[in-house]
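This report concerns only the one structure given below.
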2 protein chains.
Amino acid sequence: MTARLPQHSAVLLGPGDDAAVVAAPDRRVVASTDLLVEGRHFRRDWLSGYDLGRRAAAQNLADVVAMGAVPTALLVGLACPGSLPLAWAEALADGLAAECALVGASVVGGDVVGADAVTLAVTALGDLQGRRPVTRGGARPGDVVVLAGRLGWSAAGLALLGAGFRDGSLVDAFRRPEPPYAAGPALATVGATAMIDVSDGLLADLGHIAEASRVAIVLDPTRFDLGPELAAAAGVLGMDALAWVLTGGEDHALAATVPAVDVLPPGWRRIGRVADGAGVSVRGWQRPPSLAAGHDHFR
Amino acid sequence: MTARLPQHSAVLLGPGDDAAVVAAPDRRVVASTDLLVEGRHFRRDWLSGYDLGRRAAAQNLADVVAMGAVPTALLVGLACPGSLPLAWAEALADGLAAECALVGASVVGGDVVGADAVTLAVTALGDLQGRRPVTRGGARPGDVVVLAGRLGWSAAGLALLGAGFRDGSLVDAFRRPEPPYAAGPALATVGATAMIDVSDGLLADLGHIAEASRVAIVLDPTRFDLGPELAAAAGVLGMDALAWVLTGGEDHALAATVPAVDVLPPGWRRIGRVADGAGVSVRGWQRPPSLAAGHDHFR
């Protein structure tokens, strides 16, 4: 697999030794780790090895950019049955490499072990380029709430897969999320006060900012452009497109707060404001009782 | 779990955000990752949560010190059934923290997800303190081969567990390997040319150095002090103590090569020499056909 993993400039020592060595130019390294388990986070009949590689890389790279950092490297642990086709593992490596190439990062190391279920453990490293990390705890009343990237597409795609559909732009969005990688560092540069990767759903993840920052967040539902794709899928499935946008996870959009500014960096749009108080609310929208606040990993 | 994980000086931002931030004082970070899968790498009836935490941390910290670096941080992914007792997970965190404390490292982040089998994914980060990384590829003919730490104890402990024994120093050694953490950076300081963490067995792991360095390694069997514990266990089980020492993995000793020096740093002892040629041999010892060269992850 390592032969399929090109090494970029931040790599000082790549795969094949006890450990890799990665550049950390500003004397700090950002690090985040995630596990993906077959049957819980993905199904091999819904997701190719290549797409799983793209997706696993994307969700971890998004955690790094949500700190305002630029990703430099991934480490990938793969647990799998001995019967796993070699071509699947090679496609996985290709998917990891392709997603990393979007941000100039490299897969610098990993581990392959035997297991009954395919499990992927991905750790992402990144470089803050001299900036302060943008945590969840810095939002202040008066800040505006901003969003970059798509919301609801992955949830709609998953619902379509569950209903038997196997292609289309929403199914593609589930298979290969497209985090707005450049948007994180760009907003950090103009003074983002808090930022988070939307992996559990917008309301749940903004709830983490509200809680860590001890503020209230008020969203303006007229700011969400649902677009024809979500509206059409909601019509076909008899579901609520706005609910996908507000509670669907795994698009890996970025949500953030920033002091009121005249011009936002490319890709960011205003969706609400920060106020005194607690919790996240959507003006004029009542959460249907059937919608959970976020993802329960043990359900 | 995070409340049980003390944060030490290298931690600039600890658990609880999208990512952690760790100091990398010399503008580089050493990084290594390993997976441990229940039923393959451990059994919960043979290993407590605490011991698994010690063991999982130890094997990853050992990878970092084998580069000549000082460990700074771990990231830990835990996949487990929802039925896992909370006390077990808490003990796991305590074990991770206790092993990290031996080297001043901290568990800075992680992920907890649902799965049928307990799987642990550990990534270790470290600081080279301005030194060159000690790879597997720098051994030169004329160097001496040196060893720090115990060998064969974990394999003997595993054999004893398989035979129904549940305590004793060898069983303890299997449960909690004791890598010689200080020895790695100390040997790097005096000019180690190659180094490896002995996880697959001494012959297999020295084989990696021989291959990467394009040299032969010749071991002197009279240099291995088997000691009374291994000899007694070998007698009880009818097994070969020297075979445990040469092919048993998971003690996480360090094996290295270094130019001929008068005085080795504390903990290191000479066990052989580097010569022109290829492969690893032991003077006067024939490998029994029943002994595999190393660990097969898919067996």
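Naming convention: chains lettered A, B, ... in sequence-line order (proteins, then strands); numbering from 1 in each chain. The analysis underlying the following values was restricted to heavy atoms, covering all of them including side chains, and did not include hydrogens, waters or symmetry mates.
- The number of heavy atoms from other shown groups lying within 6.0 Å of CZ (A:R44) is above 12.
- Both the backbone and the side chain of B:D116 come within less than 4.5 Å of a heavy atom in chain A.
- For the side-chain contact (heavy atoms from CB on, under 4.5 Å) with A:D111, the qualifying choice from B:T123, B:D34, B:L36 is B:D34, the only one to do so.
- Residue A:E211 qualifies as open at atom CD: its count of foreign heavy atoms under 6.0 Å is 12 or below.
- Proximity to chain B (any heavy atom under 4.5 Å) is shown, for A:D127, by neither the backbone nor the side chain.
- For A:V108, no part sits under 4.5 Å from any heavy atom of chain B, backbone or side chain.
- Distance check, rounded to the nearest 0.5 Å: OG1 of B:T33 to CG of A:L78 gives 11.5 Å.
- In terms of heavy-atom pairs under 4.5 Å with chain B, the best-connected choice from A:G16, A:A31, A:G109, A:G77 is A:A31.
- When each of B:L13, B:L12, B:V29 is paired with A:R28, the side-chain contact (heavy atoms from CB on, under 4.5 Å) condition holds for B:L12 and for no other.
- Contact count versus chain A (heavy atoms, under 4.5 Å) is highest, among B:A124, B:A10, B:G110, B:A62, for B:G110.
- Inter-residue side-chain proximity for A:H41 and B:V113 is flagged as met; some heavy-atom pair is nearer than 4.5 Å.
- What you find for B:I196 and A:D18 is that their closest heavy atoms are CA-OD2, 3.2 Å.
- Looking at every heavy atom in both residues, B:A19 comes nearest to A:V30 through CB-CG1, 3.4 Å.
- Both the backbone and the side chain of B:A20 come within less than 4.5 Å of a heavy atom of chain A.
- Crowding of A:R131 atom CZ: a count of heavy atoms from other residues, nucleotides or ligands under 6.0 Å exceeding 12.
- Counting only heavy atoms from C-beta outward, the side chains of A:D17 and B:H208 never approach each other to under 4.5 Å.
- Note that CG of B:L125 is 6.0 Å distant from CG of A:L125, once rounded to the nearest 0.5 Å.
- Most heavy-atom pairs under 4.5 Å with chain A, from the set B:G39, B:P25, B:A121, B:P133: that is B:P25.
- A:R27 contributes no side-chain N or O that, together with a main-chain N or O of B:A24, makes up a donor-acceptor pair within less than 3.5 Å.
- When all heavy atoms of A:A115 and B:V37 are compared, the pair lying nearest together is CB-CG1, 3.8 Å.
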